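Structure record follows, encoded as structure tokens.
Lettering follows sequence order; numbering is per chain, from 1. Because the structure is a prediction, the values reported are computed rather than measured.
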Amino acid sequence: MSGTFFYFAGERFPYTALDFANVWIRAEFVVWLIIPLLLAIILGTLPLDPAITLLYSTMTLLYAFWFSAIRLTLFLAFFHYAGLIWLPLVYFLGGFLLDFLYIVSYYSMAVSRTTRILRQRREMWRW
Amino acid sequence: MRNEERVADHILEALLFSDYPRDRLEIIAIDDHSTDRTLEIIEYYARRDPRVRAMHRGNGRPGKPAALDDAIATATGDIVAVFDADYIPGRGLLRELVAPFMDPAVGAVMGRVVPLNCGVNLLTRLLDLERAAGYQVDQQARHNLRLLPQYGGTAGAFRKKAYYAVGGFDPDVLTEDTELTFRLRLAGWTVMYANRCECYEEVPQTWRVRTDQIRRWAIGHTQCFRRFAWKMITEPGLRSIERVDAVMLLGIYLIAPLLALALIASLFLFFKGGMNVLSVFLITFAIMAFNSIGNFASFFQIGTAVLLDGSGDRVRLLPLNVLNFALSIAVVTEALITHGGRRLFGRRTGWQKTERFRS
């Protein structure tokens with residue numbers, strides 16, 4: 001499919017893999033800046049020990065660094081073998097959407113853990 | 001009830017088991033154009049217990065608002081509690097639900113809806129999370145902040161005097177409950193939420209039924225937006241926060257087409273050579289953030305609701321709620337465009353019955 005497209009309309013495709021990598025790094029940098037702020041808001045409301053809050057925030061941020069690098073490497077390899085025609089799909093589905101999903105995942109783990117802790121503290125449930 | 005033979009006896013048994021004083025309870029079971037055994041079941045209960053009265057509607061306009069209008073006209077009590085056929089109220093629910101009406105300013109009270117089939121599949125589990133957030137957090141917060149909790153049309157009650165004072169249900173609106181909520185508020189009545197009034201319901205078990213449900217809510221809610229958004233802004237006597245919240249509540253389904261538009265704009269810019277469309281994506285991300293941690297905070301609300309319920313394991317499904325989110329964006333956008341088109345040609349969008357799964 002990629003070969004057919006680039007044979008007939010290759011000159012109309014406005015990007016290279018290098019453009020993608022540039023934009024990817026800049027966009028992910030914004031996500032890395034947003035993560036601490038976002039987690040401060042959503043985890044700040046949970047009755048968690050500040051150390052655990054910090055642990056979840058750090059874990060999310062480290063995961064963000066790792067996952068951004070892994071995705072970029074995989075996507076560039078994918079473009080190399082499958083062609084640049086998939087670039088729009090990867091850009092829209094593999095970027096912010098996946099960032100959003102792992103942030104929600106870490107949040108859900110934090111909530112699940114908090115609930116387990118609170119279940120053991122009976123005084124929390126007394127009126 | 002229309003073609004509710006699968007669930008009709010469950011709701012009637014539950015209501016008859018209620019601890020509400022026998023001499024003050026009148027159960028009007030409505031058969032609305034059924035073609036199955038629903039009427040037969042209702043008549044059996046009407047013969048068995050004098051508290052049950054069967055009402056058969058074979059003529060006239062079908063649909064819940066019209067059926068309720070007919071039934072309420074024959075009701076003898078001061079307070080009307082409404083239950084859809086798939087609901088199962090607990091034994092003490094009616095007592096709890098009518099207690100707030102001791103305050104003469106209260107026009108309607110809404111109870112909490114809890115799914116009874118949440119373990120069936122992924123969809124029902126996700127809907128369980130959504131319902132927990134919608135009631136335990138969204139409705140409760142509105143009640144605590146003296147904003148406007150919604151009378152949800154089932155597992156709730158209203159004062160008959162207030163109902164007639166605002167002109168009853170409008171059968172042209174697909175979400176007659178939201179419509180009634182806003183008319184009551186504009187007429188000066190208080191709408192309350194009672195979290196302890198738990199009532200069990202059957203949530204959709206297939207994505208098709210869920211889609212139909214979202215479609216109806218989106219159209220109905222947007223009908224209410226057109227009717228009440230400006231009125232809520234200009235109505236004297238409301239607090240500023242109440243006005244803002246009301247407009248955001250009424251406009252919630254308009255977020256979906258806005259998000260769809262942002263994605264289309266991003267795609268367009270992408271192919272025009274503007275992949276560095278970070279600003280456009282940031283707007284999209286901002287709208288997503290609004291939905292995540294803002295007023296309608298779906299994910300954040302779910303987390304908080306699960307925490308308050310004390311049942312944390314189910315929250316691990318939270319990331320999968322993005323499926324519900326994506327489905328809602330697509331369905332709501334399609335529904336609003338289709339409804340707009342129908343209105344343009346003077347056609348009406350009709351009421352659709354929700355399919356039941358109980359056996």
Side-chain angles (χ1 to χ4, degrees), chain A residues 9 12-16 18-24 26-31 33-34 37-48 87-93 95-122 124-125, chain B residues 129 132-133 137 141 196 259 262-289 291-294 297-326 329:
Chain A
R12 295 184 66 185
F13 196 79
Y15 307 110
T16 64
L18 188 65
D19 293 332
F20 176 85
N22 272 331
V23 172
W24 178 269
R26 265 181 285 169
E28 286 300 298
F29 187 72
V30 173
V31 172
L33 289 177
I34 288 173
L37 179 70
L38 199 67
L39 289 180
I41 296 169
I42 59 179
L43 295 183
T45 61
L46 299 179
L48 272 174
L87 201 146
L89 196 70
V90 166
Y91 185 65
F92 286 100
L93 294 181
F96 282 127
L97 181 64
L98 289 186
D99 288 316
F100 183 73
L101 279 181
Y102 69 73
I103 293 170
V104 171
S105 302
Y106 275 99
Y107 170 63
S108 68
M109 281 196 285
V111 171
S112 181
R113 183 180 165 79
T114 311
T115 312
R116 250 181 282 139
I117 292 168
L118 291 183
R119 262 202 299 241
Q120 288 156 9
R121 292 188 207 157
R122 285 195 170 182
M124 290 292 293
W125 302 99
Chain B
L129 291 175
V137 176
R196 73 169 83 175
L259 266 174
L263 286 172
I264 292 166
S266 303
L267 271 173
F268 178 74
L269 285 171
F270 185 92
F271 284 106
K272 290 294 285 180
M275 187 164 71
N276 199 358
V277 286
L278 201 56
S279 54
V280 175
F281 242 119
L282 278 180
I283 292 169
T284 311
F285 197 64
I287 297 174
M288 283 177 77
N291 272 283
S292 316
I293 58 168
S298 47
F299 293 90
F300 182 54
Q301 271 188 358
I302 290 172
T304 310
V306 165
L307 194 72
L308 291 169
D309 277 342
S311 55
D313 293 342
R314 59 186 176 151
V315 81
R316 289 180 199 155
L317 287 174
L318 191 58
L320 292 178
N321 211 44
V322 82
L323 293 173
N324 235 341
F325 192 62
I329 291 174

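Nearest heavy atoms, B:Leu307 versus A:Val111: CD1-O, 4.2 Å. For A:Ser108 against B:Arg316, the heavy-atom pair with the smallest separation is OG-CA, 4.2 Å. Nearest heavy atom pair, residue B:Asp313 against residue A:Ser112, reads OD1-OG, 4.0 Å.
Side-chain atoms of B:Val322 and A:Leu101, non-hydrogen and from C-beta on, do get closer than 4.5 Å to each other.
In this pair, B:Phe300 and A:Tyr107 present their aromatic rings tilted. The plane angle is within the 30 to 60° band.
Shown here is A:Arg116, whose CZ atom has more than 12 heavy atoms of other residues, nucleotides or ligands within 6.0 Å.
How far CZ of B:Phe299 is from CZ of A:Phe100: 4.0 Å, rounded to the nearest 0.5 Å.
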